[in-house]
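Here the structure is a predicted model, which means the values were calculated and not measured. Index from 1, following the sequence. When reading the values below, keep in mind they use all heavy atoms of this one structure, side chains included, and skip hydrogens, waters and symmetry mates.
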Amino acid sequence: MLVLLCLSLAFTTALGDSCTDHVHPTYGKVGKCIKKSCCEYSTYISSLCAGDDTACCFKRDTCGSLSGGCPHIVSRASWGARAPRSSSYMPAPAKYVFIHHGESGSCSSQSACSAIVRSYQNYHMDTHGWSDIGYSFLVGEDGNAYEGRGWDKIGAHTQGYNSVGLGFCMIGSFDNHVPNAAALNTLKNLIACGVGKGKISSRYTLRGHRDMNQTSCPGTALYNLIKTWPHY
């Protein structure tokens with residue numbers, strides 16, 4: 001059994017409580033205090049929760065509800081999305097998670113990120129002629145996730161794989177540097193959220209856009225980082 005170690009902390013939480021305030025170096029800020037024996041793959045940290053048999057689980061709770069919380073997701077209405085021309089539903093759970101970057105400027109506030117997301121949608125619909133913004137979700141360096149086509153709609157992000165995977169776009173350009181910690185934590189939490197909701201398979205495969213198509217996306221720096229993450 002692999003038990004993950006952590007730094008000593010001054011306080012713990014109880015069974016059933018969220019331990020999402022504690023940043024895990026690999027899994028991000030996603031966790032719930034459950035029984036150790038219920039934590040899939042034993043991916044837990046013992047000292048974050050009270051009780052000898054209770055630990056902060058960063059994977060699925062095999063004894064009941066799924067562990068992990070969801071980041072703040074800015075709705076389409078809140079970022080000012082245009083109505084889609086059409087949509088089609090994809091089967092769940094998604095087998096793949098694809099990481100992209102927008103090759104644009106970055107943003108550090110909801111208003112600035114919303115403006116960039118609107119520009120992406122306009123480009124996708126008006127230049128490419130797509131029915132909607134192509135990505136499932138987008139993540140800004142303000143720490144927010146932005147709803148694109150969402151969990152259930154087939155996107156237009158990874159040619160040949162749109163019906164079997166979700167596309168997560170990091171707002172900005174990440175050839176020479178990675179997104180900030182807020183954005184990376186939100187991305188990890190968003191993926192875990194999808195697993196928890198049953199929208200993403202617990203055995204999902206993580207890939208960068210360039211793994212599937214001829215492109216430099218999601219940028220070399222970000223690509224090199226995600227290759228070190230679980231499920232790649």
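With contacts defined as side-chain heavy-atom distances shorter than 4.5 Å, the pair Ser114/Tyr146 qualifies. Gln159 is not listed as a side-chain neighbour of Met212, based on a closest heavy-atom distance of 4.5 Å or more. With a 4.5 Å cut-off on side-chain heavy atoms, Pro179 and Met170 count as touching.
Contacts classified as salt bridge (charged side-chain N to carboxylate O under 4.0 Å, His left out) and involving residues 149-174 (residues at least two apart or in different chains) are given here: Asp152-Lys199.
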**Request:** Could you go through the salt bridge (charged side-chain N to carboxylate O under 4.0 Å, His left out) check for Lys227 and Asp211 one step at a time?
**Result:** CA-CA 11 Å; Lys227 288 196 297 182; Asp211 288 317; over 6 Å; no
inquiry  = Between Ser78 and Ser75, does the side chain to side chain donor-acceptor pair (under 3.5 Å) criterion hold? Intermediate values first, please.
reply    = CA-CA 5 Å; Ser78 294; Ser75 69; 3.0 Å; yes
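Aromatic ring pairs are classed by plane angle as parallel below 30°, tilted from 30° to 60° and perpendicular above 60°; the pair Tyr123 and His128 is perpendicular. Between Tyr96 and Tyr161, the ring planes lie perpendicular to each other; the angle is over 60°, past the 30° to 60° tilted range.
A centroid separation of 6.0 Å or more is found between the aromatic rings of His157 and Phe168.
Closest approach of Gly102 and Cys169 over heavy atoms only: N-SG, 3.5 Å.
The backbone N or O of Tyr204 sits less than 3.5 Å from a side-chain atom of His231, completing a donor-acceptor pair. For the pair Arg118 (side chain) and Trp79 (backbone), a donor-acceptor distance under 3.5 Å is present. Looking at His209, its side chain never comes within 3.5 Å of a backbone N or O of Cys217 through a donor-acceptor pair.
Judged by a 6.0 Å distance limit and a 45° cone about the ring axis, Arg207 is positioned over the six-membered ring of Tyr232.
Residues that satisfy the side chain to side chain donor-acceptor pair (under 3.5 Å) test with Arg82, not counting sequence neighbours, are Asn122, Asp126.
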